[in-house]
Amino acid sequence: MFYDKKYSLVKPERKKILLSNFKGYDETKVSRDLPCDYVDEVYNFAFKNNCLVSPYGVSVMKSQGMEIPNLPPIDGEARLFTTSIADGGKLKTKLVVSHLGGIEFYVDGDVQWSHIDCGERFDAGVNYLYEGEDMLLLSGGGGLKALTSEGLRSVKDGVDVLDMCVHYERIYAVVKGERNSLWFSDDFDPFNWNVSLEEGGYIDFDGSLGNVNAVKSFDNYLYVFCDFGIYRLTAYADQTQFSMKKVYVSGGRIISKSITCCGEYVAFAGEDGIYLFDGYDVSRYSVKTNDLLQDGFDDVSACYAHHKYIISFTNRRGGDFGMFTTQQRNNTMLIFDLTDKSVNLMRGVSLYDLKALGTSQSGRIIGLSDDASSPVELDSSGLYLSSPYQKYWKSGIIDFRRPSQIKVIRNVEYSIDGQITLGILANGERREFILSPRENFQSIYVKADKFVFYIRADNAKENVRPLTLEVDFLK
């Protein structure tokens, strides 16, 4: 007599698991499990209501609803400054671009740029209201000059100012070659730098905090930023009332060009994070981007608008698919929201010499770009100079906290507004699946013990809602 053999087939454990709630970018919260809510590699996506959405776009700057004309040919690197000019009882924005070939300036409504010969490039500038006119003080290797409605006027020869600000009607300046001193003009007279108790002068520092790099007027005080700390200077019109106090000593170098007044704080980047200074105390605002910041701080530029601290710099970190390997100037921009502490990261753009026009709540963020022949501005288009640009989200290595067990990714359920690519790295191979907005389900079948998931897209407007994976855990 023969009997049929019966085999007991063990069914795999099957689960539906959320890929991510898309909460944000944070190098400190990378998990080996799903949902992978925070990731340390995401470019050109923003996070909103648990969705991946389009971040800012970049477009040619507009004046009175029209794109401003192209700049004339530029000799070498350029620097952007802003000031204003009175016209018919109204103030109009005046853009000033300095380069080795001279100064180009543009006033709202003009049909072309105007030119001033000067034979040098200016790297530092500050606005000063002098005798009822908004004057732009500019400094370069040839000295300190003033740009007025009458043209370019010499202020002080033989000084190369690295940074300057206006405080109680004096100009305070960090001078190249005098990095343990802070120079200042006479009050109400930026043309008078004579050293005396009744006119201008300078303040010496002991060098214990390193070189003097930047000076900011903030909350009725003057703050002097050095390599490794901050001094608070009480500086009124009468020099006999000047007093100085060391208020902060840093364990790492302060990046001078990142220092920006942001409402009730001064924000700056250090070697180990982003910091906020309220005039008395310094607090580390964010460590979410520490690794990225440590990759390089070349060409730093920063500004503040819409309650956001925005910093751009040239970064040498590459990316998957060879993305962002072309090292454009200022190819990385971080946008820190000081209200909710979120951060958006833009790569593959070029945006430097950042400036904020208007109030901090409603102002426009403008700058220069290596990819545009006129100044540009941030907008909400989701495009980079009228073209879609690559957006990328990538998880860490995911083993579902079962490192030695084999898993099968069977399918994905999704809801999106535009086509995206879902990629999976497993067993040293790459598999990609095109997800169409006309569907909500895609079969996958990828078998491995650990995985890396990524999403690529290049739509103008993105809205990627959380994706759900169906996973078999094999016995």
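Quick note: numbers below take in every heavy atom, side chains included, and nothing from hydrogens, waters or symmetry partners.
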> So which atom in Cys36 and which in Ser20 form the shortest heavy-atom distance, rounded to 0.1 Å?
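Of all heavy-atom pairs spanning Cys36 and Ser20, the closest is O-OG, 2.7 Å.
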
> Evaluate the side-chain proximity of Leu95 to Ile366: yes if any heavy-atom separation is below 4.5 Å, no if none is.
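Side-chain contact under 4.5 Å: yes.
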
> Please say whether more than 12 non-hydrogen atoms of neighbouring residues, nucleotides or ligands are located less than 6.0 Å from CZ in Phe81.
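Yes, because the 6.0 Å sphere around CZ of Phe81 holds more than 12 heavy atoms from other groups.
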
> Do the side chains of Leu138 and Ile103 get nearer than 4.5 Å, heavy atoms only?
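Yes, at least one pair of side-chain atoms sits under 4.5 Å.
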
> Just so I know, are the side chains of Ser374 and Asn70 near enough to count as touching, which here means a heavy-atom distance under 4.5 Å?
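Answer yes - side chains close enough.
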
> Just by modelled atom types, is the Gly279 backbone N or O under 3.5 Å from a matching donor or acceptor in the Arg232 side chain?
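A pair under 3.5 Å: yes.
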
> Decide side-chain contact (heavy atoms from CB on, under 4.5 Å) for Ser208 and Lys246; before the verdict, give the C-alpha distance in whole Å, the side-chain angles of both, and the deciding distance to 0.1 Å.
CA-CA 10 Å; Ser208 61; Lys246 188 185 297 183; 3.1 Å; yes

> For a quick check under 3.5 Å, do Ser185 and Arg170 share a side-chain donor-acceptor pair by atom type?
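No, Arg170 and Ser185 have no side-chain donor paired with an acceptor closer than 3.5 Å.
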
> Is it the case that over 12 heavy atoms from other parts of the model lie below 6.0 angstrom from the OH atom of Tyr130?
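Buried by this count: over 12 neighbours within 6.0 Å.
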
> Could you tell me if the side chain of Val376 sits less than 4.5 Å from the side chain of Met61, heavy atoms only?
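Sidechains of Val376 and Met61: no contact.
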
> I need the Glu169 CD to Tyr128 OH distance, nearest 0.5 Å.
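The distance works out to 5.0 Å.
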
> Quick one: closest heavy-atom pair of Ala460 and Ser54, and the distance?
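Minimum heavy-atom contact is O-OG, 2.9 Å.
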
> Do Glu77 and Arg121 meet the salt-bridge criterion of a basic N to acidic O distance under 4.0 Å?
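Salt bridge: yes.
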
> Any donor and acceptor pair, going by atom type alone, linking the side chain of Ser312 with main-chain N or O of Leu351 inside 3.5 Å?
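Pair found, side chain donor or acceptor close to backbone of Leu351.
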
> Quick one: CE on Met333 to CG on Asn315, what's the gap to the nearest 0.5 Å?
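Rounded to the nearest 0.5 Å, the CE-CG separation comes to 14.0 Å.
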
> Would you say the side-chain atoms of Lys391 pair up with the backbone N or O of Asn459, donor to acceptor, closer than 3.5 Å?
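Yes: the side chain of Lys391 pairs with the backbone of Asn459.
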
> Parallel, tilted or perpendicular for Tyr172 and His167, by the 30°/60° rule?
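Ring orientation, 0 to 90° scale: perpendicular.
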
> In plain terms, say whether Asp379 and Arg364 are close enough for a salt bridge, that is, a side-chain N and a carboxylate O under 4.0 Å apart.
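Salt bridge absent between Asp379 and Arg364.
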
> Please report the shortest heavy-atom distance between Ala305 and Ile365, naming the atom on each side.
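Looking at all heavy atoms of both residues, the shortest contact is CB-CG1, 3.8 Å.
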
> Within the side chain of Ser139, is there an N or O that forms a donor-acceptor pair under 3.5 Å with the backbone of Ala124?
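Answer holds: no.
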
> Answer yes or no for Lys308 and Tyr304: cation-pi contact, defined as NZ/CZ to six-membered ring centre under 6.0 Å and angle to ring axis within 45°.
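Lys308 over Tyr304 ring: no.
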
> Any heavy-atom pair between the side chains of Leu136 and Lys94 that's under 4.5 Å?
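No - every pair of side-chain heavy atoms lies 4.5 Å or more apart.
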
> So how far is it from Leu144 CG to Lys156 NZ, rounded to the nearest 0.5 Å?
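If I round to the nearest 0.5 Å, the distance is 9.0 Å.
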
> If you define the side chain from C-beta out and look only at heavy atoms, does anything of Pro190 sit under 4.5 Å from Met135?
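Touching, per the 4.5 Å side-chain cut-off.
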
> Start with the C-alpha distance between Leu233 and Leu182, add both sets of side-chain angles, then the distance that settles side-chain contact (heavy atoms from CB on, under 4.5 Å), and finish with yes or no.
CA-CA 11 Å; Leu233 182 62; Leu182 183 70; 4.1 Å; yes

> Counting N and O atoms only, with roles assigned by atom type, does the side chain of Glu120 sit under 3.5 Å from a partner on the main chain of Gly142, one being a donor and the other an acceptor?
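Checking the backbone N and O of Gly142 against the side chain of Glu120, a donor-acceptor pair under 3.5 Å is found.
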
> Under the 3.5 angstrom rule, does the side chain of Arg179 hit a backbone N or O of Val212 as a donor-acceptor pair?
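Present.
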
> What's the verdict on side-chain contact (heavy atoms from CB on, under 4.5 Å) for Ser283 and Asp278, showing C-alpha distance, side-chain angles and the deciding distance?
CA-CA 9 Å; Ser283 59; Asp278 64 5; over 6 Å; no

> Taking the side chain from Ser98 and the backbone from Phe122, do they hold a donor-acceptor pair closer than 3.5 Å?
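Side chain of Ser98 to backbone of Phe122: a pair is present.
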
> Report yes if some heavy atom in the side chain of Ser258 is under 4.5 Å from a heavy atom in the side chain of Phe268; otherwise report no.
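A side-chain contact exists here, since the closest heavy-atom pair is under 4.5 Å.
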
> With a 4.5 Å heavy-atom cut-off, do Tyr275 and Val266 have their side chains touching?
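They are not in contact (no side-chain heavy atoms under 4.5 Å apart), so the answer is no.
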
> Please report the closest heavy-atom contact between Ile68 and Trp113, naming both atoms and the distance.
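It is CD1-CZ2, 4.0 Å.
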
> Is Asp458 salt-bridged to Arg456, cutoff N-O under 4.0 Å?
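Between Arg456 and Asp458 there is no salt bridge, as every charged N stays at least 4.0 Å from the carboxylate O atoms.
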
> Is atom CD of Gln419 surrounded by more than 12 heavy atoms (other residues, nucleotides or ligands) closer than 6.0 Å?
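Enclosed: over 12 neighbouring heavy atoms sit under 6.0 Å from CD of Gln419.
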
> Give a yes or no on this: more than 12 heavy atoms of other residues, nucleotides or ligands lie within 6.0 Å of atom NZ of Lys48.
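Not more than 12 within 6.0 Å, no.
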
> Say whether Asn194 and Asn192, considering side chains only, have a donor N or O and an acceptor N or O under 3.5 Å apart.
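Looking only at side-chain atoms, Asn192 and Asn194 do form a donor-acceptor pair, the distance falling under 3.5 Å.
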
> Closest approach of Asp108 and Ser63, non-hydrogen atoms and distance?
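Distance-wise, the nearest heavy atoms are OD1-OG, 3.1 Å.
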
> Just checking Tyr309 against Tyr285, ring centres under 6.0 Å apart?
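Ring centroids of Tyr309 and Tyr285 are no less than 6.0 Å from each other.
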
> Is the gap between the ring centers of Tyr231 and Phe205 under 6.0 Å?
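Centroid distance Tyr231-Phe205: below 6.0 Å, so yes.
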
> May I ask you to decide if Ser350's main-chain N or O and Ser369's side chain share a donor-acceptor pair within less than 3.5 Å?
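Answer holds: yes.
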
> Scan side-chain atoms only and decide if Asn213 and Asp163 contain a donor-acceptor pair under the 3.5 Å cut-off.
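Result is no, nothing qualifies.
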
> Test side-chain hydrogen bond (donor to acceptor under 3.5 Å, both in side chains) on Glu133 and Thr148 and set out the steps.
CA-CA 8 Å; Glu133 181 183 2; Thr148 70; 4.6 Å; no

> Can a donor-acceptor pair be found, under 3.5 Å and without considering hydrogens, that links the side chain of Asn127 to the backbone of Thr82?
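At least one qualifying donor-acceptor pair exists.
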
> Assess whether side-chain contact (heavy atoms from CB on, under 4.5 Å) is satisfied between Ile335 and Tyr56, documenting all intermediate values.
CA-CA 10 Å; Ile335 304 171; Tyr56 291 100; 3.0 Å; yes

> When rounded to the nearest 0.5 angstrom, what distance separates CD in Glu67 from OG in Ser59?
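Spacing of CD (Glu67) from OG (Ser59) equals 7.5 Å.
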
> Look up atom CG in Asn344 and atom OH in Tyr43, then write down how far apart they are to the nearest 0.5 Å.
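The CG atom of Asn344 sits 14.0 Å away from the OH atom of Tyr43.
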
> Is His307 reaching over with its side chain to a backbone N or O of Leu338, donor-acceptor style, under 3.5 angstrom?
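No, the answer is negative, given that no donor and acceptor are paired below the 3.5 Å cut-off.
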
> Does Tyr223 form a ring-ring contact (aromatic ring centres under 6.0 Å, His included) with Phe277? I'd like the steps, not just the answer.
CA-CA 10 Å; Tyr223 291 93; Phe277 174 55; 5.1 Å; yes

> Give me the atom names and distance for the closest heavy-atom approach of Ile259 to Lys216.
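Smallest interatomic distance, heavy atoms only, reads O-CE, 3.5 Å.
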
> Between Asp37 and Asn21, do the side chains contain an N or O donor and an N or O acceptor separated by less than 3.5 Å?
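Judged by distance alone, the side chains do pair up.
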
> How long is the span from the CD atom in Glu41 to the OH atom in Tyr25, to the nearest 0.5 Å?
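OH of Tyr25 is found 8.5 Å from CD of Glu41.
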
> Hydrogens and angles aside, do Ser301 and Asp353 bring a side-chain donor and acceptor to less than 3.5 Å of each other?
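Asp353 and Ser301 do not have a side-chain donor-acceptor pair below 3.5 Å.
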
> Between Asp371 and Tyr384, does any side-chain donor sit less than 3.5 Å from a side-chain acceptor?
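Tyr384 and Asp371 do have a side-chain donor-acceptor pair below 3.5 Å.
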
> Would you verify whether the NZ or CZ of Arg153 falls within 45 degrees of the ring axis of Phe191 while also being under 6.0 Å from that six-membered ring's centre?
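Satisfied, under 6.0 Å and within 45°.
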
> Decide yes or no on side-chain hydrogen bond (donor to acceptor under 3.5 Å, both in side chains) for Ser181 and Asp204, but give the supporting numbers first.
CA-CA 4 Å; Ser181 299; Asp204 283 332; 2.6 Å; yes

> Do other residues, nucleotides or ligands put more than 12 heavy atoms under 6.0 Å from Lys257 NZ?
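No, NZ of Lys257 has 12 or fewer neighbouring heavy atoms, counting only those of other groups under 6.0 Å.
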
